[in-house]
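Comments concern the structure below.
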Amino acid sequence: MSTSTQTRNVPASELKQRQSGSPSTGQSDRGFKEGDGRNYQAWVAKAAKQPMVLETVDLGPLGDEDVEIAVEHCGLCHSDLSVLNNEWGFSQYPAILGHEVVGEVTALGPNAKGLSVNQRVGIGWNSGSCMHCHQCMSGNHHLCPQVQFTIVGHRGGFASHIRSHWAWAIPLPEKLNLAEAGPLLCGGITVFAPLAMYAKPTDRVGIIGIGGLGHMAVKFAAAYGCDVTAFTSSESKFDEAKGFGANHVVCTKDSAALKKLAGSFNLLISTVNVKLDWDAEIGTLAPNGRLHVVGAVLEPIPVAAFSLIMGQRSVSGSPTGSPMAIETMLDFAARHNITPQTEHYPMSKINEAFARLESGKARYRIVLDADS
Ligand SMILES: [Zn+2]
Ligand SMILES: [Zn+2]
């Protein structure tokens, strides 16, 4: 992700889900043995804030409903850094991070459905869910109380191989540039989902924060046909935001500019994790407008009842997305040639890549390419 604190954004959903713990789906709770494996290599974090080391890892027998994937590329999301540093207090070590995986199916459990060996698939923030609860049965697998995070209590994608439940290994459209597709699987779906749920092509949409998430949001909203305004505190991003498809760019610190926009937007998507002038932001919503939060700002967002009631406005949030939502997003991205702007590192330089992410200088997402 990128320069300002804006880009240290964690989808709020990820935090919420983390707070509810990391229940097992049964498919990913096997022992995590090291050193006696079968040529599976993984970058392992032994403890919080420690550099990762390459080790041989035994993934055990493949679960009946699981698939195994040889990792080709894996995006580096700020949440990987947060779990490495145990910022949320529930990391499990040893940890194998990486949850924006692109790779090729190498093995299928006997009950894995809909996939074939050699197929290209992607895995995002989640890699399993119970498949029988109300949420799973209604197509909202990402809201399953037992959803399995890919990098907590499960081995992630900074490795030669990764496994997931078949439903969470999402087939990648052939037209998609696989080397750039990784960040779509977490950051991309996080910002695409609210557009798909709430935006119409005729809408005026504001994207708050132009970083790892926000720059993809601008691209999606522009391709959707919306009139897009990018909000950023970093003037150095103004031109780039326009390059991503923003029709207008506004400095978040410019309260006079915000005032002029009063009553303008049908949908605002906030990707930042810093405190903003929320009153002014909500004031830019048109009647029936919605402020939708996907960046995990930790301080509460104050909302005046009157500003919601009088304009019939809403404030909402959402997590990453269901397998079907991810598939739809990938199809849309392939159709419109939407890929994130990335910096690539060979996976063997993983610790350098994490340092680059931590420096806040990456524009806008980092992808690690398998090289072992
Ligand atoms: Zn992520
Ligand atoms: Zn479920």
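Counting from 1, the numbers follow the sequence of the chain as shown. In each ligand, atom 1 is the first atom listed, and ligand 1 is the first ligand listed. Keep in mind that this is a model prediction, so the values were computed, not measured.
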Please verify the inter-ring angle class for His161 with Tyr40; under 30° counts as parallel, over 60° as perpendicular, anything in between as tilted. perpendicular

Under 2.8 Å from the Zn ion (ligand 2), is there any N, O or S atom belonging to Cys144? yes

Over 60° means perpendicular and under 30° means parallel, so classify the ring planes of Phe220 and Phe332, tilted if in between. tilted

Short check: any N/O/S atom of Cys133 below 2.8 Å from the Zn ion (ligand 2)? yes

Would you mind reporting whether Arg313 and Ser307 have side-chain heavy atoms less than 4.5 Å apart? yes

N/O/S from His78 sitting under 2.8 Å away from the Zn ion (ligand 1): no

Report the angle formed at the Zn ion (ligand 1) by atom SG of Cys186 and atom SG of Cys77, rounding to the nearest 10°. 130°

SG (Cys136) to the Zn ion (ligand 2) to SG (Cys130) angle, given to the nearest 10 degrees: 120°

Should the pair Tyr364 and Phe244 be assigned to parallel (<30°), tilted (30 to 60°) or perpendicular (>60°) ring geometry? perpendicular

Salt bridge Glu55-Lys46, side-chain N to carboxylate O under 4.0 Å: yes

